[in-house]
J.: 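Would you mind keeping the following structure in view while I ask a few things?
Throughout, numbering of the chain's residues begins at 1 and tracks the sequence. Order of appearance sets the numbers: ligands from 1, and atoms from 1 within every ligand.
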Amino acid sequence: MSHAPTRPLIAPSLLAADFAYLADEAAAVERAGADWLHLDIMDGHFVPNITFGPLVVKALRRHTSLPLDAHLMIAPADPYIAAFAEAGADHISVHPESGPHLHRTLQLIRSLGKKSGVVLNPATPIEAVAHVLDITDIIMVMTVNPGFGGQAFLASQLEKIAALRRLIDAAGHNIIIQVDGGITPKTAPAVLAAGATCLIAGTAVYGAPDYAAAITALRPALPQAPQLAAGGG
Ligand code: DX5
Ligand code: ZN
């Protein structure tokens with residue numbers, strides 16, 4: 001509750017970019033002030049959509065120095081984790097439902113020198129991560145059902161974000177809470193107030209005419225600078 005939203009990390013999701021110009025689109029959000037680049041990996045099996053795999057991640061790696069934040073919506077995930085690590089993903093996040101041994105999967109990601117993440121679908125309770133906090137760097141709360149950009153934000157997940165914040169703080173772990181789906185300047189403040197520290201935004205950034213302005217609009221307004229005394233000098 002006392003978690004003060006300071007400067008959240010902003011991770012534009014390339015899913016909403018122009019796929020014919022991926023390198024340019026990655027570089028553009030880097031120039032615009034993004035912190036991470038979010039990569040949605042979909043297999044048409046775990047989720048009803050298909051995007052891209054390690055080859056595209058590897059190609060992108062040469063065009064941006066942003067941390068590459070890979071969100072794996074594939075099942076099984078384990079056989080492909082080394083390939084995403086080798087391709088240059090810096091963070092690799094998986095859904096608990098994508099395999100039988102979440103703990104082992106997180107161990108594998110960490111063993112490859114990458115940050116490990118767990119993604120909670122709207123119906124997945126926070127208990128899914130309660131016993132893996134010690135090997136988790138990032139927990140992503142989905143505020144839409146995974147598979148598509150441009151969906152409406154599920155306000156039902158705000159209480160889950162707050163409960164997750166309490167769980168992490170009580171356990172004393174330094175875990176980033178990411179929120180993914182329907183993030184806009186309207187929904188971001190409640191998400192940050194609930195305790196998130198990283199916002200993923202596809203449509204709200206790549207669908208905007210000015211990426212830098214769109215990223216700034218997701219961050220809390222800075223306190224007003226003190227007014228200079230009028231006159232004098
Ligand atoms: C959905 C993806 C999201 C998606 C968000 O499965 O995980 O990252 O790009 O898109 P917006 O921000 O448009 O809801
Ligand atoms: Zn995502």
Side-chain angles (χ1 to χ4, degrees), residues 8-19 22 25-26 28-29 32 34-54 56-57 60 66-75 77 80-81 84 89-98 109 115-124 137-158 160-161 176-192 196-209 211 213-219:
L9 298 166
I10 306 293
S13 169
L14 203 61
L15 185 64
D18 184 338
F19 270 37
L22 289 181
E25 293 278 61
V29 293
D35 296 292
W36 298 351
L37 186 65
H38 185 75
L39 304 177
D40 288 303
I41 313 297
M42 306 185 186
D43 67 353
H45 164 74
F46 184 72
V47 290
N49 198 3
I50 301 177
T51 55
F52 53 84
V56 171
V57 176
L60 280 167
L66 289 177
L68 297 180
D69 185 49
H71 174 188
L72 303 194
M73 288 163 273
I74 63 176
Y80 302 98
I81 284 172
F84 283 104
D90 297 283
H91 317 150
I92 301 178
S93 296
V94 299
H95 288 251
E97 297 85 355
S98 68
I109 296 168
K115 287 199 191 306
S116 61
V118 181
V119 193
L120 302 177
N121 275 334
T124 305
D137 297 298
I138 299 164
I139 300 174
M140 189 190 310
V141 175
M142 295 300 304
T143 40
V144 297
N145 283 295
F148 302 96
Q151 302 181 80
F153 177 82
L154 297 172
S156 60
Q157 301 303 299
L158 286 170
K160 187 158 93 184
I161 298 165
I176 289 173
I177 300 181
Q178 271 186 319
V179 177
D180 188 10
I183 296 296
T184 67
K186 275 207 169 70
T187 58
V191 166
L192 295 172
T197 48
C198 177
L199 302 176
I200 295 162
T203 309
V205 173
Y206 280 110
Y211 296 169
I215 288 170
T216 301
L218 293 172
R219 294 197 170 111

J.: May I ask you to check whether D180 has an N/O atom sitting below 3.5 Å from an N/O atom of ligand 1?
T.: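 Yes: some nitrogen or oxygen of D180 is under 3.5 Å from one in ligand 1.
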
J.: Just wondering, do H38 and M140 contact through their side chains at under 4.5 Å, heavy atoms?
T.: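 Heavy-atom side-chain distance check passes, below 4.5 Å.
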
J.: If you measure from each heavy atom of G147 to ligand 1, is any distance below 4.0 Å?
T.: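 The answer is yes, since G147 has a heavy atom less than 4.0 Å from ligand 1.
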
J.: Number the atoms of ligand 1 from 1 as they appear, then name those within less than 4.0 Å of a heavy atom of H71, with their elements.
T.: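 Listed by number with element, the hits are 7 (O).
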
J.: What's the spacing between L9 CG and L218 CG if we round to 0.5 Å?
T.: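 Rounded to the nearest 0.5 Å, the CG-CG separation comes out at 12.5 Å.
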
J.: Answer yes if the ring centres of H71 and H91 are under 6.0 angstrom apart, and no otherwise.
T.: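 Ring centroids of H71 and H91 are no less than 6.0 Å from each other.
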
J.: Write the atom name of the N, O or S atom in H71 that is nearest the Zn ion (ligand 2).
T.: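 Looking only at N, O and S atoms of H71, the one nearest the Zn ion (ligand 2) is named ND1.
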
J.: Counting from 1, what ligand 1 atoms have a heavy atom of F148 closer than 4.0 Å?
T.: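 That gives atoms 1 (C), 6 (O) of ligand 1.
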
J.: Do C198 and W36 come within less than 4.5 Å of each other through their side chains, counting heavy atoms only?
T.: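 SC-SC contact between C198 and W36 confirmed.
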
J.: What angle sits at the Zn ion (ligand 2) between OD2 of D180 and NE2 of H38, to 10°?
T.: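 Here the angle at the metal atom is close to 100°, to 10°.
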
J.: Under a heavy-atom criterion of less than 4.0 Å, does A204 contact ligand 1?
T.: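 So A204 does not count as touching ligand 1.
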
J.: Answer yes or no: is there a side-chain heavy-atom contact under 4.5 Å between V144 and F153?
T.: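 Counting from C-beta outward, V144 and F153 never come under 4.5 Å.
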
J.: If every non-hydrogen atom of S98 is compared with every non-hydrogen atom of I74, which pair is closest and at what distance?
T.: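 Of all heavy-atom pairs spanning S98 and I74, the closest is CB-O, 3.3 Å.
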
J.: Pull out every atom of ligand 1 sitting under 4.0 Å from any heavy atom of M142, numbered as shown with elements.
T.: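 By the 4.0 Å cutoff, the relevant atoms are 7 (O).
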
J.: Does any non-hydrogen side-chain atom of D43 lie less than 4.5 Å from one of I50?
T.: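 In short, these two side chains do not touch, never coming nearer than 4.5 Å.
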
J.: State the atom name: nearest N, O or S atom of D40 to the Zn ion (ligand 2).
T.: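 Answer by atom name: OD1.
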
J.: Please could you name the atoms of ligand 1 that L15 approaches to less than 4.0 Å, counting only its heavy atoms?
T.: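 Checking each atom against L15, I get 4 (C), 9 (O).
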
J.: Could you tell me whether the side chain of V119 reaches within less than 4.5 Å of the side chain of D180, counting heavy atoms only?
T.: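 A side-chain contact under 4.5 Å is absent here.
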
J.: Which ligand 1 atoms are under 4.0 Å away from a heavy-atom of M42?
T.: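 Within the 4.0 Å cut-off of M42, ligand 1 contributes 6 (O).
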
J.: For ligand 1, which atoms have a heavy atom of M73 less than 4.0 angstrom away?
T.: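 Close to M73: 6 (O), 7 (O).
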
J.: What pair of heavy atoms forms the shortest contact from L37 to L14, and how long is it?
T.: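 Taking every non-hydrogen atom into account, CD1-CD1, 4.3 Å.
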
J.: As an exercise, identify every atom of ligand 1 less than 4.0 angstrom from a heavy atom of G149.
T.: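 The atoms of ligand 1 under 4.0 Å from a heavy atom of G149 are 10 (O), 13 (O).
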
J.: Can you check which of P12, S13, G181, G202 brings a heavy atom nearest to atom 12 (O) of ligand 1?
T.: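 Considering heavy atoms of P12, S13, G181, G202, the nearest to atom 12 (O) of ligand 1 sits in G202.
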
